[in-house]
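Remarks on the structure that follows.
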Amino acid sequence: MRPTYWIIGLATLSIVIGMFMSQDPERAGRLSQMYRDAAFTGEARQMVIMGLALAIGAFVVYLSMTRR
């Protein structure tokens, strides 16, 4: 089976599950609260963004040094 079919199938499944979860107001509220609790705030968010920027920069430098 082709990988694109797997990707399309998984995307469709996640959309259907998302629609099912958002129809129940109580469950949607709990899910929204979970997203708010899991989000980075303040200084932690800045540190995560800085870490990602450094990792991407290091990867770009690595690629530029190893590719000819």
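Remember, predicted model here, so these are calculated numbers, not experimental data.
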Salt bridge (Lys or Arg N to Asp or Glu O under 4.0 Å) partners of residues 36-59, not counting sequence neighbours, each pair once: none
Salt bridge (charged side-chain N to carboxylate O under 4.0 Å, His left out) involving Glu26 - partner list, sequence neighbours excluded: Arg30
Under 3.5 Å, side-chain donor or acceptor atoms of residues 12-19 against the rest of the protein: list the pairs with distances, not counting sequence neighbours.
unit_1	atom_1	unit_2	atom_2	d
Thr12	OG1	Ile8	O	2.8
Ser14	OG	Leu10	O	3.4
Ser14	OG	Ala11	O	2.8

[X]: which other cluster members, linking ILVMFWY side chains closer than 4.5 Å, directly or transitively?
{"X": "Leu54", "value": "Met50"}
{"X": "Ile49", "value": "none"}
{"X": "Leu52", "value": "Phe40, Val48"}

